[in-house]
Amino acid sequence: MICWSCQKAAGDAVFCPACGAVQPPDPRADYFRVLGIPCVFAVDLAVLEQRYKELTKLLHPDRFARAEPRARRASLERSVQLNAAWRCLRDPIRRAEYLLSLHGIDIGERAGSSREASEHATLPVPPVMLMEVLELREALAASHAAKDVHETEALIAKVRGRLDAVMQDVATGFAASPPELSTIAARLVAVRYYRRFLDEARILWEQDALGPAGDPGRAG
């Protein structure tokens, strides 16, 4: 990259080595590169947080309030990119999905798809997974109909446990050499189903806990 200020080679540096001017972000840079950490699933969260804070301090737009327009714009664009990278990589599920996307595999709302194909091909959802979720939904509907808060809590705890186990499989898959991408993708499809179930269960649990009047303190 050529520095916009001094026209000298700036490379991938945030600030030009020659004149110190902040450089526009590279839109092709992956989030790991943006934060300057290894491109792995097993991210050191303490290092991630430290790098984010350091770069946020250096790039904060307030520091460039009196700078020329191109510097202000570059600091703002860098900050936006940095925040997006940090929000993604600090979350293990989003981090796993992002790593797969770097390998050409997208985990989307329709399960998942491969960018390597000429068209987006949905990753198959195992029938056993669909049956499991169906049974969980039926149990959730029954507990909600009975206003059984404790049963709903138990279902939430059960699915959280399954979600934790799946994420451990994901971590193991990424630690393998080479990474077990197809296995990881399949497990992340399950994650989406579990996470959707937990979102729905939480809403129903809150409704049941509050009662039909929507006010826990209201007299019957």
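- A donor-acceptor pair under 3.5 Å is absent between the side-chain atoms of Arg51 and the main chain of Ile37, judged by distance alone.
- Rounded to the nearest 0.5 angstrom, Leu99 CG and Cys88 SG are separated by 8.5 Å.
- Here Leu48 contributes atom CG and Tyr31 contributes atom OH; the two are 13.0 Å apart, rounded to the nearest 0.5 Å.
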inquiry  = Quick one, Lys158 with Leu136, criterion side-chain contact (heavy atoms from CB on, under 4.5 Å). Give me CA distance, side-chain angles, the key distance, then yes/no.
reply    = CA-CA 10 Å; Lys158 178 190 292 186; Leu136 286 169; 4.3 Å; yes
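- Shown are Glu77, Gln81, Arg78; of these, the side chain to side chain contact (heavy atoms under 4.5 Å, CB included) with Pro24 is made only by Glu77.
- Taking all atoms of both residues into account, the shortest heavy-atom contact from Pro25 to Ala74 is CD-O, 4.3 Å.
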task = List the steps, then state whether side-chain contact (heavy atoms from CB on, under 4.5 Å) holds for Leu89 with Arg94.
result = CA-CA 7 Å; Leu89 298 187; Arg94 292 184 63 187; over 6 Å; no
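- No side-chain donor-acceptor contact under 3.5 Å links Trp205 to the backbone of His144.
- In this structure, the side chains of Arg73 and Leu76 stay at 4.5 Å or more apart for every pair of heavy atoms.
- Atom-to-atom distance recorded for Asp164:CG and Asp169:CG is 11.0 Å, nearest 0.5 angstrom.
- Considering only heavy atoms from C-beta on, Val14 stays 4.5 Å or farther from Leu58 through its side chain.
- The existence of a salt bridge linking Arg137 and Glu200 is confirmed by a sub-4.0 Å separation between a basic side-chain nitrogen and an acidic carboxylate oxygen.
- Checked against ring-ring contact (aromatic ring centres under 6.0 Å, His included), Phe64 has no partners two or more places apart in sequence or in another chain.
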message = One pair to check against salt bridge (charged side-chain N to carboxylate O under 4.0 Å, His left out): Arg195 and Glu97. What are the steps and the verdict?
response = CA-CA 14 Å; Arg195 190 162 53 177; Glu97 292 177 348; 3.7 Å; yes
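- By the 4.5 Å heavy-atom criterion applied to side chains, Met167 and Pro92 are counted as neighbours.
- Following chains of ILVMFWY side-chain contacts shorter than 4.5 Å, one cannot reach Val34 starting from Met1, and the two form parts of different hydrophobic clusters.
- Ser143 places a side-chain heavy atom less than 4.5 Å from the side chain of Leu155.
- The closest side-chain donor-acceptor pair between Glu54 and Gln50 falls under 3.5 angstrom.
- Summarising the geometry of Val170 relative to Ala96, their closest heavy-atom pair is CG1-CB, 3.9 Å, with the distance given to 0.1 Å.
- Summarising the geometry, atom SG belonging to Cys3 is positioned 9.5 Å from atom NZ belonging to Lys8; distances are rounded to the nearest 0.5 Å.
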query = Can Asp199 and Arg202 be said to form a salt bridge (charged side-chain N to carboxylate O under 4.0 Å, His left out), step by step?
reply = CA-CA 5 Å; Asp199 289 342; Arg202 193 174 298 110; 3.3 Å; yes
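- Put simply, the side chain of Arg187 never gets that close to the backbone of Val166: no donor and acceptor are under 3.5 Å apart.
- Ala18 approaches Cys6 most closely through the heavy-atom pair CB-SG, 4.0 Å.
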task = Check the pair Val191 / Arg162 against side-chain contact (heavy atoms from CB on, under 4.5 Å), numbers first and verdict last.
result = CA-CA 9 Å; Val191 165; Arg162 293 181 183 179; over 6 Å; no
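- Within the 4.5 Å cutoff, no side-chain heavy atoms of Val149 are placed close to those of Thr152.
- Using a distance-only test at 3.5 Å, with no hydrogens or angles considered, no donor-acceptor pair links the side chain of Glu180 to the main chain of Pro178.
- Closest approach of Ser101 to Asp106, counting heavy atoms only: CB-OD1, 3.7 Å.
- In this model, a donor atom of one side chain and an acceptor atom of the other lie less than 3.5 Å apart for Asn83 and Tyr52.
- The shortest distance between side-chain heavy atoms of Val40 and Phe174 does not fall below 4.5 Å.
- Taking the side chain as every heavy atom from C-beta outward, Ser79 and Thr56 never approach each other to under 4.5 Å.
- Within the cation-pi definition used here (under 6.0 Å to the ring centroid, within 45° of the axis), Arg90 qualifies as a partner of Trp86.
- Of the inter-residue distances, the one linking Gln7 atom CD with Cys16 atom SG reads 9.5 Å to the nearest 0.5 angstrom.
- The backbone N or O of Ile105 lies less than 3.5 Å from no partner atom in the side chain of His103, so there is not a single donor-acceptor pair.
- In this structure, Val47 is a member of the same hydrophobic cluster as Phe32, with clusters built from ILVMFWY side-chain heavy atoms closer than 4.5 Å.
- For the pair Tyr194 and Met129, the minimum side-chain heavy-atom distance is below 4.5 Å.
- With rounding to the nearest 0.5 angstrom, the SG atom of Cys39 is 7.5 Å from the OH atom of Tyr98.
- Both Leu140 and Leu130 belong to a common hydrophobic cluster when Ile, Leu, Val, Met, Phe, Trp and Tyr are linked at side-chain heavy-atom distances under 4.5 angstrom.
- For Arg196 and Tyr193, the positive end sits near the middle of the six-membered ring, less than 6.0 Å away and at most 45° from its axis.
- In this structure, Phe41 is a member of the same hydrophobic cluster as Leu45, with clusters built from ILVMFWY side-chain heavy atoms closer than 4.5 Å.
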